[in-house]
Amino acid sequence: MDYIKKSGDICLKQEDFDLEQTLDCGQAFRWEKTSDGFFGFFLNKPLEIKKEKDYFIFKNTSEEDFLNTWADYFDLSTDYGELKRIFSEDETLSKACSFAWGIRLLKQDKWEALCSFIISQNNNIPRIKGIISRLCEKYGGFPPPEELCASSEEDLAPLRAGFRAKYILDAARKTACGEINLDEISKLDISIARKSLMGICGVGPKVAECALLYGMYRVEAFPVDVWIKRVMERYYPNGLPDYVLPYAGIAQQYLFHYIRNL
DNA sequence: TTCCAGGCGTATC
DNA sequence: GATACGCATGGA
């Protein structure tokens with residue numbers, strides 16, 4: 001990793017990384033644009049980050065936090081240039097990678113990702129962000145399942161999550177009592193992991209796939225929403241090329257961003 | 001007013 | 001197993 005320390009900040013040189021494409025592409029919902037960058041959270045740890053010339057500036061960040069938290073969160077050890085070279089053998093993916101060149105897959109928290117994508121169903125991105133923002137405001141940070149499951153559906157009414165409130169509570173209850181163990185699920189064979197997650201009310205194939213990809217870094221997971229469905233019908237009637245499948249989830253990121261901006 | 005949004009549960013066949 | 005429908009909310 002190519003970085004220097006400078007008056008309390010970490011300054012990082014990093015290829016294949018664009019803040020807007022990575023933080024505002026619908027994979028994470030707690031990042032907000034600032035005048036010159038982004039402000040957001042991972043595990044309730046705040047970060048202000050911006051780009052200045054060739055450097056990404058991690059404001060007020062210790063070397064320890066950078067190496068132990070943020071380098072992992074931003075998946076800095078993965079060579080996205082190499083992935084894009086592999087993907088670009090395919091014509092559509094080649095265009096998608098050129099267009100969305102700076103997307104990286106964020107290694108998010110398991111519980112937060114699961115909860116966030118439960119909220120995402122039949123919803124749009126600005127409203128998902130609003131609900132999660134009100135959730136974090138209410139609990140002083142993203143609530144762990146133990147804290148959340150002490151609440152009732154009426155308690156969650158101010159979030160305006162609609163019919164999803166009872167799904168959030170079911171996920172919190174099952175996770176808090178150990179019926180669902182996200183750490184264990186993250187290591188299971190993917191088809192078994194899917195089934196386990198779908199034991200939660202409000203978690204179907206799409207949300208399970210998102211929990212696996214965004215919360216557990218299972219990069220072979222391939223969430224199919226309305227947009228990706230359009231991509232598949234139009235460009236991949238016979239499925240993705242075999243050489244993409246081990247990283248289908250990362251390919252999906254490029255395709256999602258591409259088709260939404262076509 | 002109607003349609004749609006990073007879907008899913010339920011009923012019905 | 002497939003298909004139809006309702007579901008809370010809010011912006012277009």
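Per chain, numbering begins at 1; letters A, B, ... match sequence-line order.
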Next on the checklist: If we ignore hydrogens and angles and just use 3.5 Å, is the side chain of Trp111(A) paired with the main-chain N or O of Pro143(A) as donor and acceptor?
Outcome noted: yes
Can you give each donor-acceptor pair under 3.5 Å made by side-chain atoms of residues 48-56 of chain A, sequence neighbours left out, with the distance rounded to 0.1 Å?
{"from": "Lys50(A)", "atom 1": "NZ", "to": "Asp36(A)", "atom 2": "OD2", "distance (Å)": "3.4"}
{"from": "Lys50(A)", "atom 1": "NZ", "to": "Glu52(A)", "atom 2": "OE2", "distance (Å)": "3.3"}

Item to check | Sugar-phosphate only, base, or nothing, as touched by Lys166(A) at under 4.0 Å among non-hydrogen atoms | outcome: sugar-phosphate
Next on the checklist: Students should find this one: the first and last nucleotides of DNA chain C, 5' to 3', lying under 4.0 Å from a heavy atom of chain A. What are they?
Outcome noted: dC7(C) to dG10(C)
Item to check | Atom P, compared across dC7(C) and dT2(B): separation rounded to whole Å | outcome: 16 Å
Item to check | Under the side chain to side chain donor-acceptor pair (under 3.5 Å) test, residues paired with Thr78(A) that sit two or more places apart | outcome: Asp75(A), Tyr217(A)
Checklist entry - Contact class for Arg127(A) (heavy atom, under 4.0 Å): base, sugar-phosphate, or nothing? => result base
Enumerate, atom names and distances included, each donor-acceptor pair closer than 3.5 Å involving a side-chain atom of residues 200-213 of chain A, sequence neighbours excluded.
{"from": "Glu209(A)", "atom 1": "OE1", "to": "Arg194(A)", "atom 2": "NE", "distance (Å)": "2.7"}
{"from": "Glu209(A)", "atom 1": "OE2", "to": "Arg194(A)", "atom 2": "NE", "distance (Å)": "3.4"}
{"from": "Glu209(A)", "atom 1": "OE2", "to": "Arg194(A)", "atom 2": "NH2", "distance (Å)": "2.9"}
{"from": "Glu209(A)", "atom 1": "OE2", "to": "Phe222(A)", "atom 2": "N", "distance (Å)": "3.0"}

Checklist outcome for this item: Going 5' to 3' through nucleotides 6-13 of chain B and flagging B where a protein heavy-atom sits under 4.0 Å of the base, S where only the sugar-phosphate is that close, and - otherwise, we get BBSS----
Checklist entry - Looking at residues at least two apart in the chain, or sitting in another chain, which of them share a side chain to side chain donor-acceptor pair (under 3.5 Å) with Tyr236(A)? => result Asp90(A)
Checklist entry - Is the distance from OP1 or OP2 of dA5(B) to the nearest side-chain N or O of Arg230(A) less than 4.0 Å? => result yes
Checklist entry - When rounded to the nearest Å, what value does the distance between P atoms of dC3(B) and dG6(C) take? => result 13 Å
Next on the checklist: What's the gap between dG6(B) and dT3(C) when it is taken at their P atoms, as a whole Å value?
Outcome noted: 25 Å
Next on the checklist: Taking Glu82(A) first and then Arg85(A), would you say they form a salt bridge - that is, a charged N and a carboxylate O separated by under 4.0 Å?
Outcome noted: yes
Next on the checklist: Which label fits Phe58(A) and Phe74(A): parallel for a plane angle under 30°, tilted from 30 to 60°, or perpendicular past 60°?
Outcome noted: perpendicular
Checklist entry - Got a donor-acceptor contact below 3.5 angstrom from the Lys174(A) side chain to the Gly199(A) backbone? => result yes
Next on the checklist: Using the C1' atom as the point on both nucleotides, what is the distance between dG11(C) and dC8(B), in whole Å?
Outcome noted: 23 Å
